[in-house]
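See below for the structure under consideration.
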Protein chains: 2
Amino acid sequence: MDIPLEAAFVCPPGLRIDWGHPENCADRLPMTTRSKRPTVSEVARLAGVGTTTVSRVINGSTRVDPNTLERVTRAIEKLGYMPNQAARILRGARTRTIGLLIPSIADPFFSSCAEAAQAIARVNDSLLTVITTQNDPHVEIENLNVLMRHQTDGLIIAPANSQSPVLRDIVQRLTVPVVAMDRPLLNAGISSVLADGFAGAQEATQHLIEHGRRRIVCLTGEATLYTIRERIRGYRKAVESARLPCILDTSIRDYKSAEYAVQSMMSEAEPPDAFFTLKNSTTIHAFEALQKLKIAIPESVALVGYDDFELAATVRPSITVVQQPVDEIGRIAAEILFENLAQIGVRPHHMEPQCVQLKTRLIRRSSCGCSVLAG
Amino acid sequence: MDIPLEAAFVCPPGLRIDWGHPENCADRLPMTTRSKRPTVSEVARLAGVGTTTVSRVINGSTRVDPNTLERVTRAIEKLGYMPNQAARILRGARTRTIGLLIPSIADPFFSSCAEAAQAIARVNDSLLTVITTQNDPHVEIENLNVLMRHQTDGLIIAPANSQSPVLRDIVQRLTVPVVAMDRPLLNAGISSVLADGFAGAQEATQHLIEHGRRRIVCLTGEATLYTIRERIRGYRKAVESARLPCILDTSIRDYKSAEYAVQSMMSEAEPPDAFFTLKNSTTIHAFEALQKLKIAIPESVALVGYDDFELAATVRPSITVVQQPVDEIGRIAAEILFENLAQIGVRPHHMEPQCVQLKTRLIRRSSCGCSVLAG
DNA sequence: CGATGCCATGGCAACGATACCACAAAGCAG
DNA sequence: CTGCTTTGTGGTATCGTTGCCATGGCATCG
């Protein structure tokens, strides 16, 4: 089966369509890969010099005669020479590849982090290898070993368990720099980049309290992760400071459990007047359940979610959320990693680990009780 | 600044929380990486054998005496030996790394593809290196070269321009297998895996026609991509078969332009009675604009979108969409790539390129006029 | 004028794993 | 007992690059 080319879309008259960049970039294709790639000695032979000189030209390490430089450069171009990475690495060079160990690529939070990290890797002339762990510590350790076998220069990891002594020991024994992202790896002596979930949750809860809400239920979803636990701490701090009850519900996993939980809570003697959901999927499930049960938001119950998502502003009512600086997290984690990498060999001891906590932002929309003009 | 551990979440009485896997996997940490990794010769010395024998044990290529096997295995474990990838690659082995060139990781469509491809890479004992191109042909070619420098075993690419002669030439000159994903690379002689946008769009348009819609406007958004053009073909086929007008609007880029476009079309003498949007962002912008302008969906205009998204079922009215088999696309692309990889050296000539077209699915919700029970 | 220093350059070894060849010992048929 | 294969094993060259050291030419200085 083949794509029929003749049937391709023909631009109708009067309809201007931009066909993209002109692509006059034929000048920059250096033969890419051929069956047998030329080597330094072949270049050297053609240029009439020694292999060392060719190497010097490539790496620009020592001064070479302008005349020789010219000849060698021409030989390199003529043969389409490209240094062999493997040989360089064998001689001790970096692989120019960093690893990213995250629970899932499909998760919008982590895919945004990955995108930002990849951009930083690119400006540092490195590649990014992504591995998903599904938050399984076994998979995590397994693949950490895989990355080390591949001699990755460094590693960004979102640990499934921030307190895992096993992971901590392994990471401490590594000779390559590691940066924790989104969740710390406690007492491992590595840098970490996270959003301040405690402050974010506290601010959101506080906001609901200011709206006069008194029975604020925190819908945690599964509460094993460090991030979720921090958010719970923030919620707890806020309600306890206001002498309000601290009510946690960890039961919501999907739409069905959300409907059940919401229904049973709303039919209690003292029903909640606000829900604070700690992650995206829980927010959506709770929102769906409330709509299905025809419970008015924010009149009957207010709703505030943690983590922003594309349609939070579009649904009716629009949903107030705690927004995390996703791009920043990935970007800074990668930046710190490359800073560490740059330090290797310069100092006898590694850089002091730093813990970056980024501020979250409360995006006020309608579901919390704020009257927001749509748009 | 350090994370206060003592302040960590304490499980309240009566609230069962699953703390995750037990992590009793301390047995599987093979020293990972040390300052100076042991080599075959060190293992050989310890086991009292030659390096060749050690190599044979590692690769299980030839029979070795059970006795020797035992000794070597023990030596490997004792030293925590791990073969040096770079040396192997220099000797001609695979890098066990494949590249994925996509416009963006943050895009839900491509992140799902990436996730699926990564899973296949894992079962083939390989890593996946992700590079984003932002649909820029220059970046695309640039990074294709970067991947080749890194000696990637193979490549999955979503070409920015399916008809680019430059990209086609480069790909044809590559010695590693390449698979096109989501969009073909025409006449390059490589396999491609795509969703059938023509059929999907045709079916969706047909569906609107069956609902009695007569003026169906196709909101394309930017229409440079192959996929979008295929969808336009499908839409056109359907309306032309029904002798209905073919009305394309390529102007929508964001919420503002959507509002303008919708408003001006609705105030025409013959306003549209349905919108068919060709991609996610356009669907959302059009939906927002219709809501803002208080135009009833589906009473005044019906709406069908291309590409499903998480909240399409949650918003009111829920949105009817053409769903693409995202996971399948990534999975099959990777599978074909590894099949090609397995063929290298077996046959003198490469595998016959295949073009896989996957079926889409029309998800009937409310916005098209179908009365759907929520849930 | 001879000694000293700098510059440009080349030869060679080494990084670590493995394919190839060689060889010894053992088994086995004639 | 001889000539053959089979089995287990080791030595060594090689992959392509780069660091170290050596060398020859030229300029500078006492």
Side-chain angles (χ1 to χ4, degrees), chain A residues 30-31 33-73 75-76 79-96 148-151 153 175 345, chain B residues 30-31 33-73 75-76 79-96 148-151 153 175 345:
Chain A
M31 289 290 171
T33 296
R34 309 184 316 184
S35 336
K36 182 75 182 81
R37 285 164 58 157
T39 71
V40 262
S41 14
E42 285 169 58
V43 175
R45 188 139 26 89
L46 182 61
V49 296
T51 58
T52 314
T53 305
V54 176
S55 175
R56 272 190 274 259
V57 170
I58 297 161
N59 300 292
S61 48
T62 330
R63 298 197 57 73
V64 292
D65 189 87
N67 214 321
T68 327
L69 181 79
E70 171 69 19
R71 284 213 317 284
V72 173
T73 311
I76 288 175
L79 293 175
Y81 169 76
M82 209 182 261
N84 183 318
Q85 273 279 99
R88 285 182 152 177
I89 296 165
L90 183 58
R91 290 281 308 172
R94 301 250 170 91
T95 53
R96 307 213 79 85
M148 288 307 108
R149 266 201 286 283
H150 279 258
Q151 286 156 271
D153 291 339
T175 52
Chain B
M31 289 288 172
T33 297
R34 308 183 319 182
S35 335
K36 183 75 184 82
R37 284 165 58 158
T39 71
V40 260
S41 12
E42 287 170 57
V43 175
R45 188 139 28 90
L46 182 63
V49 297
T51 57
T52 313
T53 305
V54 177
S55 175
R56 272 191 274 258
V57 169
I58 297 161
N59 301 293
S61 49
T62 331
R63 296 199 58 74
V64 291
D65 189 88
N67 215 321
T68 327
L69 181 78
E70 170 72 17
R71 284 212 317 285
V72 173
T73 311
I76 287 174
L79 294 176
Y81 168 77
M82 208 182 262
N84 182 318
Q85 273 279 100
R88 284 181 153 177
I89 296 165
L90 184 58
R91 289 286 306 174
R94 301 251 170 91
T95 54
R96 306 212 79 85
M148 288 308 106
R149 266 202 285 285
H150 279 259
Q151 286 158 268
D153 291 340
T175 51

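- The closest side-chain heavy-atom distance from A:Thr68 to A:Arg71 is below 4.5 Å.
- B:Arg149 CZ to A:Arg96 CZ: the interatomic distance, rounded to the nearest 0.5 Å, is 11.0 Å.
- Distance CD1 (A:Ile76) to P (D:dT17): 10 Å, rounded to an integer number of Å.
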Counting primed atoms, P, OP1 and OP2 as sugar-phosphate and everything else as base, the B/S/- map of nucleotides 16-24 of chain C against protein heavy atoms under 4.0 Å is BBBBB----
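- Side-chain contact between B:Val49 and B:Val57 is absent, with no heavy atoms from C-beta onward closer than 4.5 Å.
- For the atom pair A:Met148 CE and B:Gln85 CD, the distance stands at 12.5 Å (nearest 0.5 Å).
- The CZ atom of A:Arg37 lies 8.5 Å from the OG1 atom of B:Thr175; values are rounded to the nearest 0.5 Å.
- An end-to-end axis angle of 50° holds for the helix from C:dC1-D:dG30 to C:dG30-D:dC1, taken from five base pairs per end and rounded to 10°.
- The two atoms that bring B:Ala86 and A:Leu90 nearest to each other are CB-N, 3.7 Å, heavy atoms only.
- As a whole-Å value, the separation of A:Asn67 CG from D:dC26 C1' is 17 Å.
- As judged by a 4.0 angstrom heavy-atom cut-off over every strand, A:Thr68 is placed among residues touching the sugar-phosphate backbone only.
- Sorted by first and then second residue, the side chain to side chain donor-acceptor pair (under 3.5 Å) pairs involving residues 46-59 of chain A (not counting sequence neighbours) are A:Ser55-A:Asn59, A:Asn59-A:Arg88.
- Following rounding to the nearest Å, B:Arg71 (CZ) and D:dG8 (P) show an atom-to-atom distance of 14 Å.
- Using a 4.0 Å cut-off, some side-chain N or O of B:Thr53 falls inside it from OP1 or OP2 of D:dG10.
- How far CG of A:Asn84 is from OG1 of A:Thr39: 9.5 Å, rounded to the nearest 0.5 Å.
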